[in-house]
Amino acid sequence: MSRYDEAVDRYFAAWNATDEEVRAAAVAAAWTEDGGYTDPLAEVSGHAQLAAAIGGAQAQFPGFEFRRVGEVDGHHDIARFSWELVSAADGSAPVAGSDVITLGADGRITSVHGFLDRVPSA
């Protein structure tokens, strides 16, 4: 498994951790202390803000899980991958996107730039 795959696995572990303490530990394992996340709906940095943003997404989509779609593509300290937000109840995936991450020297994420490819209509 590449360091890019490992970083993305830790990233999804954080996004899918529903227990607050487990989520906090997963965020710390995935991101550097000053790591950030930016997408069209959020711009946060630091472990506390990251954990809060993830908790907010989980509150908006209870019973859903983030899953990687396809392979991780990486070079240097940058990787990109796609994902879906999948319902445990029926397998539907109303939200999908692509993210680009930058890794620090320790393999943890320093930044995420997220793009929403599919969102539910209002």
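A quick note: this is a predicted structure, and the numbers were derived from the prediction, not measured.
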Short side-chain to backbone donor-acceptor contact, [X] and [Y], under 3.5 Å:
X: Arg10; Y: Gly107; result: yes
X: Arg118; Y: Ala93; result: yes
X: Gln60; Y: Gly56; result: no
X: Ser2; Y: Tyr4; result: yes
X: Arg108; Y: Ala30; result: no

At their closest point, which heavy atom of [X] faces which heavy atom of [Y], and how far apart are they?
X: Val44; Y: Gln49; result: CA-OE1, 3.5 Å
X: Ala14; Y: Ile54; result: O-CG2, 3.6 Å
X: Pro40; Y: Gly114; result: CD-O, 3.5 Å
X: His47; Y: Thr32; result: NE2-O, 3.1 Å
X: Val95; Y: Pro120; result: CG2-CD, 3.6 Å
X: Ser98; Y: Ser82; result: OG-OG, 3.2 Å

Is [Y] reachable from [X] through a run of hydrophobic residues whose side-chain heavy atoms are each under 4.5 Å from the next?
X: Leu50; Y: Trp83; result: yes
X: Phe64; Y: Val69; result: no
X: Val72; Y: Ile78; result: no
X: Phe61; Y: Val22; result: no
X: Val86; Y: Phe66; result: no

State, yes or no, whether a side-chain contact exists between [X] and [Y] at a heavy-atom distance under 4.5 Å.
X: Gln58; Y: Thr18; answer: yes
X: Phe81; Y: Phe12; answer: yes
X: Arg67; Y: Glu65; answer: yes
X: Leu103; Y: Ile109; answer: yes

Rounded to the nearest 0.5 Å, what's the gap from [atom1] on [X] to [atom2] on [Y]? Could you check?
X: Glu43; Y: Thr38; atom1: CD; atom2: OG1; answer: 4.0 Å
X: His113; Y: Asp39; atom1: NE2; atom2: CG; answer: 10.5 Å
X: Glu33; Y: Ser45; atom1: CD; atom2: OG; answer: 12.5 Å

**Request:** Identify the residue among Ile101, Thr102, Val100 that makes a side chain to side chain contact (heavy atoms under 4.5 Å, CB included) with Ser111.
**Result:** Thr102
**Complete:** In short, ring-ring contact (aromatic ring centres under 6.0 Å, His included) pairs touching residues 25-46 with sequence neighbours left out are Tyr11-Trp31, Trp15-Tyr37
**Which residues share a salt bridge (Lys or Arg N to Asp or Glu O under 4.0 Å) with Glu71, sequence neighbours left out** = none
**Prompt:** Hey, are Arg3 and Asp77 close enough for a salt bridge, meaning a charged N less than 4.0 Å from a carboxylate O?
**Reply:** yes
**Request:** Decide side chain to side chain contact (heavy atoms under 4.5 Å, CB included) for Arg68 and Asp5; before the verdict, give the C-alpha distance in whole Å, the side-chain angles of both, and the deciding distance to 0.1 Å.
**Result:** CA-CA 10 Å; Arg68 185 170 78 185; Asp5 290 306; 3.2 Å; yes
**Prompt:** Residues in ring pair (Phe, Tyr, Trp, His ring centres under 6.0 Å) with Phe115, at least two apart?
**Reply:** none
**Request:** Taking atom CZ of Arg80 as the centre, report whether more than 12 heavy atoms of other residues, nucleotides or ligands fall under 6.0 Å from it.
**Result:** no
